[in-house]
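Structure, as structure tokens:
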Amino acid sequence: MTPAERLRRYAELAVRVGANVQPGQDVVVTCLVEHADVAREVARESYRAGAQHVVVLYSDLHLRRAAVELGPESEIGWSAPYLLDWIRRWSTEHPALIALTGNPTPTLMSDLDPALVGRSDPPEIRAAFLEQIHERSVNWTIVAAPNIGWATEVFGEPDMERLWDAVSVSTRLDEPDPVAAWRAHNEMLQARADALNELGFDAIRYRGPGTDLTVGLIPGSRWRCATFATAAGIPHVPNLPTEEVFTSPDWRRAEGHVRSTYPLVAAGTKVTGLEFRLEGGKIVEVDAESGADIIRVQLETDDQAPYLGELALVDGTSPVKRTGLVFSDTLFDENATCHIAFGAGFPEALGRDVPADELLAAGVNMSAIHTDFMVGSEDVDVDGLDADGAATPIIRADAWQL
């Protein structure tokens, strides 16, 4: 397969499996300027799928750095009103959304004030995006855009071909029929979610080096997996790759301490050795080898930011894990192993429609932020706990047990 053929097949996977663009639908592509080659092919494939309009919304991390370094205080984290108005119209316009990821400049912000960097990601725009997702207004997906900076971060050299190979394996693009491979994979994930739902655990417990955490679940909540559907019934796969089954826990019920097993990127900054302590559901202590201040700023986003919004289970059969790489990109690393997120939860986990103003009382966390951190490894055991505390193994030595 030539690089051009691979890029087209990748764009086809993003458009037709990920976002599932419909004839006559508008498409919004969000990306960095360094992602332009992938964005262009996604636009071409969107038109092939029958898109009416394709809007590519480019961002530039160098401009964000300039705002933090040289701009007035009011510029940091500013949300342009015209963008906010446009995003809020999606609730009636219902475009497809394709977001590209892959940090081309991982150390760009490392010498700046972490508190300012943490505030530089516009919170109003982020909240507006989350609102559209929670309302199921858009069929959306997140896919990676390989680039030289990201390849250098992963391999220590700008080996783009090796990065593309790893992305192809992780997204099943290397399969003879990627669409059929994804259908079979989605069925396997659904079987796992069904098994967890049938068991109806009261809590999930994580135990391993630096980790002893128990997180309570919402009674009657559901485990979900790869495929979502919009309110209008359009199925889509939000993450490519996706290897997880997930749910939203009861934000009021988490006790213990947890250590992240992978680095993560928050507000464009790499965070390593992250550790949390939780009491009464709330993150009350934060430590890290690097980047702790970025996380502390995120936890101050709003009153609910320090509470958990997602539990996701991934075992060692994940092709992302089998690459043996740390991608330093949440989209990939969260699909290599189990992860947890603080901030916003998923109303869909309730298995029923609940008005937005009642979600908190029902146990689903609501916040303008959602940050995933990885907690799984071969040394971390995951158990499901019954109401009386009896434990059922879910993952042992990175192998699924149910």
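Along the sequence shown, residues are numbered consecutively beginning with 1.
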Next on the checklist: Apply side-chain contact (heavy atoms from CB on, under 4.5 Å) to residues His236 and Thr227 and explain how you reach the verdict.
Outcome noted: CA-CA 6 Å; His236 59 103; Thr227 302; over 6 Å; no

How about [X] and [Y]: do any of their side-chain heavy atoms sit closer than 4.5 Å?
{"X": "Val271", "Y": "Ser290", "answer": "no"}
{"X": "Leu196", "Y": "Asp194", "answer": "no"}
{"X": "Leu311", "Y": "Leu217", "answer": "yes"}
{"X": "Cys225", "Y": "Glu244", "answer": "no"}
{"X": "Pro95", "Y": "Val27", "answer": "no"}
{"X": "Leu402", "Y": "Trp400", "answer": "yes"}
{"X": "Ile98", "Y": "Val143", "answer": "yes"}
{"X": "Pro306", "Y": "Phe342", "answer": "no"}

Over all heavy atoms of both residues, which pair between [X] and [Y] is shortest? Give the atoms and the distance, please.
{"X": "Met366", "Y": "Leu359", "answer": "SD-CD1, 3.6 Å"}
{"X": "Ala254", "Y": "Leu308", "answer": "CB-CD1, 4.1 Å"}
{"X": "Val169", "Y": "Pro319", "answer": "O-CB, 3.8 Å"}
{"X": "Ala266", "Y": "Gln298", "answer": "CB-NE2, 3.7 Å"}
{"X": "Leu84", "Y": "Ala128", "answer": "CD2-CB, 4.1 Å"}
{"X": "Ala49", "Y": "Val15", "answer": "CB-CG1, 3.9 Å"}

Checklist entry - salt bridge (Lys or Arg N to Asp or Glu O under 4.0 Å) between Glu45 and Arg16: does it pass, once the steps are laid out? => result CA-CA 9 Å; Glu45 190 60 36; Arg16 298 181 185 268; 2.9 Å; yes

Between the side chains of [X] and [Y], is a donor N or O closer than 3.5 angstrom to an acceptor N or O?
{"X": "Glu310", "Y": "Asn365", "result": "no"}
{"X": "Asn139", "Y": "Gln25", "result": "yes"}
{"X": "Asn335", "Y": "Ser318", "result": "no"}

Counting only heavy atoms not in [X], do more than 12 sit closer than 6.0 Å to its [atom1] atom?
{"X": "Arg44", "atom1": "CZ", "result": "no"}
{"X": "Arg183", "atom1": "CZ", "result": "no"}
{"X": "Asp303", "atom1": "CG", "result": "no"}
{"X": "Arg40", "atom1": "CZ", "result": "no"}
{"X": "Ile148", "atom1": "CD1", "result": "no"}

[X] ring center near [Y] ring center (under 6.0 Å):
{"X": "Trp140", "Y": "Phe129", "answer": "no"}
{"X": "Phe346", "Y": "His370", "answer": "yes"}
{"X": "Trp150", "Y": "Phe332", "answer": "yes"}
{"X": "Tyr206", "Y": "Phe276", "answer": "no"}

Salt bridge between [X] and [Y], side-chain N to carboxylate O under 4.0 Å?
{"X": "Glu153", "Y": "Lys270", "answer": "yes"}
{"X": "Asp398", "Y": "Lys321", "answer": "yes"}
{"X": "Arg277", "Y": "Glu279", "answer": "yes"}
{"X": "Glu41", "Y": "Arg6", "answer": "no"}
{"X": "Arg207", "Y": "Asp381", "answer": "no"}
{"X": "Arg162", "Y": "Asp165", "answer": "no"}
{"X": "Asp111", "Y": "Arg65", "answer": "yes"}
{"X": "Glu243", "Y": "Arg322", "answer": "no"}
{"X": "Glu255", "Y": "Lys282", "answer": "no"}
{"X": "Asp121", "Y": "Arg64", "answer": "yes"}
{"X": "Glu5", "Y": "Arg8", "answer": "no"}

[X] side, atom [atom1]; [Y] side, atom [atom2] - distance, nearest 0.5 Å:
{"X": "Leu63", "Y": "Ser120", "atom1": "CG", "atom2": "OG", "value": "12.0 Å"}
{"X": "Ser248", "Y": "Leu350", "atom1": "OG", "atom2": "CG", "value": "7.5 Å"}
{"X": "Leu13", "Y": "Leu173", "atom1": "CG", "atom2": "CG", "value": "6.0 Å"}
{"X": "Ser328", "Y": "Leu264", "atom1": "OG", "atom2": "CG", "value": "9.5 Å"}

Checklist entry - Step by step, would you call Ser367 with Asp302 a side chain to side chain donor-acceptor pair (under 3.5 Å)? => result CA-CA 7 Å; Ser367 171; Asp302 51 50; 3.0 Å; yes

Item to check | Criterion ring-ring contact (aromatic ring centres under 6.0 Å, His included) on Trp223 and Phe201, from CA distance to verdict | outcome: CA-CA 11 Å; Trp223 290 86; Phe201 292 125; 8.2 Å; no

Checklist entry - For Arg9 and Glu175, what are the C-alpha separation, side-chain angles and deciding distance, and is it a salt bridge (Lys or Arg N to Asp or Glu O under 4.0 Å)? => result CA-CA 11 Å; Arg9 288 186 71 189; Glu175 296 279 354; over 6 Å; no

Next on the checklist: Using the rule given for side chain to side chain donor-acceptor pair (under 3.5 Å), can you reason through Thr101 versus Asp329, listing the C-alpha separation, both sets of side-chain angles and the distance that settles it, and then say yes or no?
Outcome noted: CA-CA 8 Å; Thr101 185; Asp329 182 274; 2.9 Å; yes

Strictly distance-based, threshold 3.5 Å: is any side-chain N or O of [X] a donor or acceptor partner for the main-chain N or O of [Y]?
{"X": "Thr230", "Y": "Val138", "result": "no"}
{"X": "Asp177", "Y": "Ala180", "result": "yes"}
{"X": "Gln52", "Y": "Gly50", "result": "no"}

Item to check | Residues Val29, Val54; criterion side-chain contact (heavy atoms from CB on, under 4.5 Å); working and verdict | outcome: CA-CA 7 Å; Val29 182; Val54 179; 4.3 Å; yes

